[in-house]
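Below you'll find the structure, written out as structure tokens, and then a few comments.
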Amino acid sequence: MHSEGKGGILNVQLTGRHESRDHYIDLDYEGWRYHVLATGETSRFYDYQWPHRWTSVMYRRFNYAAVQGVHLIYNGLPAEAETTCLISRLEALREYVLPVESPSIEVAGQRMVFPVSLQPDEYIELDWDGKARHFEPNGGLLADITPQGEVRLETGENVVAFDCEGGDERSTRAEITLAVRGAPLENTAAKPDGDQAAATALDNGLSLVASSGSGLRVLQGSYERVSREPARSIATFDGTANAWTVTHHGTEPRHAALILDYTKADDSVIPDSETATTIEDFSDLTAYDMSDENQYEKYVVGGGKMLSPGGPVREGVTQTLEPCEGPPGEEGPAARYAATNEGAAGGWSGKGRRFDAPLDLSAQKALGLWVHGDAAGEVLMVQFRDVSGAWANWTIPIDYSGWRRQAYRPDANAKFDWSKVEYVIFYYNNIPAGRSVEVRLSGLVGATQTKGAPTLEAPSLTVNGASIPLGDQLLPGHALLLDGDGCVAQWVPGMKASDQVAGQQTPVVLQPGANRFELRCGSPVAPTTGLSVRVVPL
């Protein structure tokens, strides 16, 4: 952009349906300059008067996948000023997720380095006592940090410098807030030593707290402990689905806690194999080809729809359906459903079949389906259509890897007739741009009866070859917490505290690099749902 240096700002505003994002360019220079508008502007919003409200800028989430327009708005120009800006091109740039390594600040010759790798939107807090903590974007505590060096602000003006490793090789941005404090206010009551000691003890202990919609939270005092590693879903104990790797990126060993969460085990949606009947065995994949008899494509709708040789897709997406191996220990064929999105973010596709005669599923209490995920973040939807065209949707987020048995309770939707099911359609939604995704499907069944989730007898954890017992059993609806000292406690819904169920064991210690985990049970158990394991570094 070419500026005349007359002062004021130019707001390059992106607009959506009801939301917008402001980006201010200060017109304090002359000539051509290239501007990267990486983040939206909010801190200076109230320094100016605008023709739009604050809610569109700060309150509503902006959808960068559905930008509807661009506004160019001058503001803050000097009185009686005239100015002209030349703009050669406004382009969208790809972002690369790069961490800020070992950030540091320097004041008056003193330097403090934080030995940590900060991912985008993560942050560090340094308190008055010199203790630093590393937080993830939503405020969860990732780690305690020991800063190297110290800094103090001198009386008067201070020049503060920020630096990090590799800062000259990348477009590094960080926001730094410095605060000062003086002597305590008069008549301020000091905390007694007893309260301080109690707070310290509380800060060192771990506890589990139920949270609506997000499972169990791990608290250490008033802080929530979190991990960059997602929870691991365990569907079977076959030596593969129950084994995984956790990578520790630090250079020193680090203790960790482990949460074995069985609270989401839902007895009422687990199909009973004794009463199960097959709905789709994926033995004949030609049934998913478009034809005069199989007109499922009319039900697959969405923006940018096109009919490809492989079926209906969003423009830029291709899809395939081919035979593959099924889950270990399970008999019968399986299908590999893959798609590649070379178009915009949010790609979609669909493959479906029409049954020779409408199926009567009205007596089914639960449906089951084996799905092998790739943890790429796409969403798989299983949709049923009745003879009138009404639908019932079963949504499965693919946020896990490996085989997992999915279960679904048929929705008693008055607009859908489960006694006359004509089509089943498998959809992909939210395929990332420039990515290929795949799931494997096996054994879509219905059952007229459900059964209880199995009890896990003598669960144990193996970490890098060392076994750690986790108590005698874990019941459905319960959870186990292995803390950083190796103590195992059981959590039951409604409990204010956890009960210790096993004496002190060997604690989990993450070694630098890859660490192999495996969850085992003392006796074989049936495939289960709602069981997950989370490793939280301390």
Side-chain angles (χ1 to χ4, degrees), residues 122-125 127 129 131-145 191-234 246 248 253-265 455-456 459-461 463 468-510 517 519 530-538:
E122 294 180 351
Y123 60 97
I124 298 170
E125 285 185 355
D127 64 21
D129 298 323
K131 187 173 183 178
R133 294 181 174 92
H134 177 194
F135 294 91
E136 53 93 40
N138 291 323
L141 177 60
L142 287 168
D144 296 306
I145 305 171
K191 292 184 179 180
D193 293 340
D195 288 350
Q196 292 178 349
T200 301
L202 180 63
D203 189 53
N204 292 331
L206 295 179
S207 60
L208 294 178
V209 176
S211 175
S212 59
S214 58
L216 294 175
R217 301 168 61 200
V218 184
L219 296 187
Q220 185 174 24
S222 58
Y223 295 99
E224 180 180 1
R225 280 284 190 178
V226 298
S227 172
R228 287 197 179 113
E229 296 279 349
R232 175 80 181 191
S233 297
I234 306 295
V246 175
H248 173 35
R254 183 174 176 183
H255 281 239
L258 178 131
I259 301 92
L260 186 56
D261 188 352
Y262 207 16
T263 58
K264 293 184 179 179
T455 297
L456 305 184
S460 66
L461 182 73
V463 183
I468 304 174
L470 299 176
D472 295 333
Q473 62 179 207
L474 177 61
L475 298 173
H478 294 198
L480 293 176
L481 169 65
L482 174 65
D483 66 18
D485 295 325
C487 295
V488 183
Q490 179 178 239
W491 186 88
V492 180
M495 290 179 57
K496 294 183 178 180
S498 303
D499 289 336
Q500 185 168 317
V501 296
Q504 186 165 349
Q505 308 294 330
T506 303
V508 174
V509 178
L510 299 177
F517 283 73
L519 180 66
L531 176 65
S532 65
V533 185
R534 190 158 28 119
V535 179
V536 180
L538 301 175

Find out whether [X] and [Y] are in side-chain contact, i.e. whether some heavy atom of one side chain is under 4.5 Å from a heavy atom of the other.
| X | Y | answer |
| --- | --- | --- |
| L519 | L470 | yes |
| R232 | S532 | no |
| I468 | S460 | no |
| D144 | L538 | no |

Criterion side-chain contact (heavy atoms from CB on, under 4.5 Å) against E224, the qualifying member of L219, L141, N138: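 For E224, the side-chain contact (heavy atoms from CB on, under 4.5 Å) check succeeds only for L219.
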
Tell me which one of I234, L456, L480 satisfies side-chain contact (heavy atoms from CB on, under 4.5 Å) with Y262.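 Only one option passes, and that is L456.
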
Within this structure, what is the [atom1]-[atom2] distance for the pair [X] and [Y], rounded to the nearest 0.5 Å?
| X | Y | atom1 | atom2 | result |
| --- | --- | --- | --- | --- |
| R217 | S207 | CZ | OG | 9.5 Å |
| Q490 | L481 | CD | CG | 11.5 Å |
| T506 | L461 | OG1 | CG | 11.0 Å |
| E136 | Y123 | CD | OH | 7.5 Å |
| D472 | T455 | CG | OG1 | 12.5 Å |

Mind listing the closest non-hydrogen atom pair of [X] and [Y] along with its distance?
| X | Y | value |
| --- | --- | --- |
| P137 | E122 | CD-CG, 3.8 Å |
| A143 | R225 | CA-NH1, 3.5 Å |
| H248 | P253 | NE2-C, 4.3 Å |
| L208 | A479 | CD1-CB, 4.4 Å |

Show your working on side chain to side chain contact (heavy atoms under 4.5 Å, CB included) between E229 and V535 and close with a plain yes or no. CA-CA 7 Å; E229 296 279 349; V535 179; 5.8 Å; no

Verify, without hydrogens or angle tests, whether [X] (side chain) and [Y] (backbone) share a donor-acceptor contact under 3.5 angstrom.
| X | Y | result |
| --- | --- | --- |
| H255 | G484 | yes |
| D261 | T263 | yes |
| D483 | D485 | yes |
| R534 | L216 | yes |

Please lay out, stage by stage, how V226 and V536 fare under the test side chain to side chain contact (heavy atoms under 4.5 Å, CB included). CA-CA 6 Å; V226 298; V536 180; 5.8 Å; no

With under 30° as parallel and over 60° as perpendicular, where do the rings of Y223 and F135 fit, or are they tilted in between?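 If you compare the ring of Y223 with that of F135, the planes turn out tilted.
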
